[in-house]
Amino acid sequence: MGRWEPGPRALRVGLVLLGLGLLALGLRTWLGSLRFQFEPREIAELGRQHAGLDHELAFSKIIVELRKKHPGHILPDEDLQWVFVNAGGWMGSMCLLHASLTEYVLLFGTAIDTGGHSGRYWADISDTIISGTFKQWKEGTTRSEIYYPGDTIVHQSGEATAVQWTAGTWMVEYGRGFIPSTLTFALADTIFSTQDFLTLFYVLRVYAKALFLEACASFSHLVH
């Protein structure tokens with residue numbers, strides 16, 4: 001028998017996997033060299049302080065606190081907007097407070113029972129529950145876990161889980177990593193399923209506003 005030699009398809013697959021591995025390593029190295037505006041424990045603690053309150057009151061208090069601690073990095077009231085999110089088979093609503101290429105802070109929740117796939121990201125994401133309950137079924141396990149107000153759920157980069165929210169579940173979320181990579185999952189159902197292009201416009205517009213705000217903050221810091 002002759003010696004097996006990889007065909008063109010196998011070589012292409014190998015090169016793609018190698019490229020993805022190098023890209024992931026490069027992103028990790030780049031992110032490890034950056035200074036971040038927020039800390040996961042800071043957002044989680046804010047959520048815990050206001051857990052159990054009416055979610056609208058809790059959110060207003062959280063926004064005030066974040067503006068005090070991070071002036072110039074939280075979107076103004078006129079740019080805060082609740083926008084539907086359809087992803088992984090579930091439907092929720094988000095209100096973006098801050099976003100850059102490497103971080104975001106948002107309010108998230110649902111007024112109906114919903115669930116589906118969490119997505120698999122190049123970012124670490126943590127959610128602290130204000131009200132309601134959140135159930136998570138981790139990949140590779142046969143049992144789910146349930147979380148309550150005050151609990152923080154951490155979704156590590158590369159992980160995938162099944163997720164389920166009860167009606168009236170609201171939380172504050174912090175993400176750190178290559179944030180544009182999360183948009184492919186967050187917008188996929190909107191583009192290919194619901195075809196709700198007005199929501200797509202809302203999401204892209206508020207992200208652009210957040211990026212512009214961060215650019216202005218960075219420029220102001222350099223000037224001073």
Side-chain angles (χ1 to χ4, degrees), residues 15-40 42-43 66 70 72-76 79-109 116-127 153-161 163 171-222:
L15 289 173
V16 168
L17 292 175
L18 177 62
L20 289 174
L22 291 174
L23 180 60
L25 180 62
L27 284 172
R28 282 287 184 185
T29 303
W30 173 58
L31 291 169
S33 67
L34 297 177
R35 292 184 60 187
F36 295 97
Q37 182 67 33
F38 301 86
E39 289 297 328
E42 169 196 3
I43 306 301
L66 286 174
H70 305 277
H73 293 279
I74 302 297
L75 286 167
D79 290 330
L80 299 183
Q81 179 184 6
W82 283 99
V83 181
F84 278 142
V85 181
N86 288 89
W90 49 261
M91 185 172 185
S93 187
M94 73 164 186
C95 180
L96 188 68
L97 305 182
H98 165 91
S100 66
L101 293 177
T102 58
E103 289 180 286
Y104 71 77
V105 181
L106 57 80
L107 310 173
F108 176 82
H117 193 288
S118 67
R120 200 185 296 268
Y121 311 106
W122 286 6
D124 297 330
I125 298 172
S126 60
D127 291 278
I153 307 98
V154 179
H155 187 96
Q156 298 288 348
S157 175
E159 287 185 344
T161 69
V163 292
M171 52 185 66
V172 58
E173 180 172 297
Y174 173 71
R176 175 184 289 186
F178 184 53
I179 303 308
S181 71
T182 66
L183 290 176
T184 55
F185 173 77
L187 296 176
D189 281 6
T190 299
I191 296 171
F192 298 109
S193 179
T194 66
Q195 297 186 356
D196 182 357
F197 297 113
L198 182 58
T199 290
L200 173 65
F201 167 73
Y202 287 152
V203 172
L204 295 178
R205 180 179 65 177
V206 73
Y207 187 45
K209 286 181 177 180
L211 290 177
F212 180 74
L213 182 66
E214 285 309 293
C216 291
S218 297
F219 179 75
S220 176
H221 178 72
L222 289 174

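Remember, it's a predicted structure, so these values are computed and weren't measured experimentally.
- Under a 3.5 Å cut-off, the side chain of Thr102 and the backbone N or O of Phe178 do not form any donor-acceptor pair.
- Counting non-hydrogen atoms of other residues, nucleotides and ligands closer than 6.0 Å to CZ of Phe197 gives a total above 12.
- Looking at Val85 and Val83, their side chains never come closer than 4.5 Å, going by heavy atoms from C-beta outward.
- Rounded to the nearest 0.5 Å, atoms CG (Leu211) and OG (Ser100) are 7.5 Å apart.
- Judged by distance alone, with hydrogens and angles left aside, the side-chain atoms of Asp189 form a donor-acceptor pair with the main-chain N or O of Gly88 at under 3.5 Å.
- For the 3.5 Å distance criterion, the side chains of Glu42 and His70 qualify, holding a donor opposite an acceptor.
- Atom CD1 of Ile191 sits about 11.5 Å away from atom CG of Asn86, to the nearest 0.5 Å.
- Annotation: the span from Glu214 atom CD to Gln37 atom CD amounts to 6.5 Å, rounded to 0.5 Å.
- Contact check for His155 versus Asp127: no side-chain heavy atoms found under the 4.5 Å cut-off.
- Residues Pro180 and Leu101 come closest through the heavy atom pair CD-O, 3.5 Å.
- In this structure Arg120 satisfies the salt bridge (Lys or Arg N to Asp or Glu O under 4.0 Å) test together with Glu139, sequence neighbours excluded.
- Separating the CZ atom in Arg205 from the CG atom in Leu96 is a distance of 12.5 Å, to the nearest 0.5 Å.
- Here the CG atom belonging to Leu200 is positioned 5.5 Å from the CG atom belonging to Leu187, to the nearest 0.5 angstrom.
- His73 and Leu213 get closest at one heavy-atom pair: C-CD2, 3.9 Å.
- Closest approach of Thr199 and Asp196 over heavy atoms only: OG1-OD2, 2.6 Å.
- Across every non-hydrogen atom of Ser118 and Val163, the tightest pair is CB-CG1, 3.9 Å.
- The two residues Gly72 and Ala217 have their closest heavy-atom pair at O-CB, 4.0 Å.
- Using a 3.5 Å distance cut-off with no hydrogens or angles, the side chains of Tyr174 and Glu39 do not pair a donor with an acceptor.
- The shortest distance between side-chain heavy atoms of Val206 and Gln81 does not fall below 4.5 Å.
- For residues 79-107, the pairs satisfying ring pair (Phe, Tyr, Trp, His ring centres under 6.0 Å) are Phe38-His98, Phe59-Trp82, Trp82-Trp170, Trp90-Phe108, Trp90-Trp165, with sequence neighbours left out.
- Side-chain contact between Leu107 and Val172: present, with at least one pair of heavy atoms (C-beta onward) separated by less than 4.5 Å.
- Here the CD-CG distance, from Glu173 to Leu106, works out to 4.5 Å after rounding to the nearest 0.5 Å.
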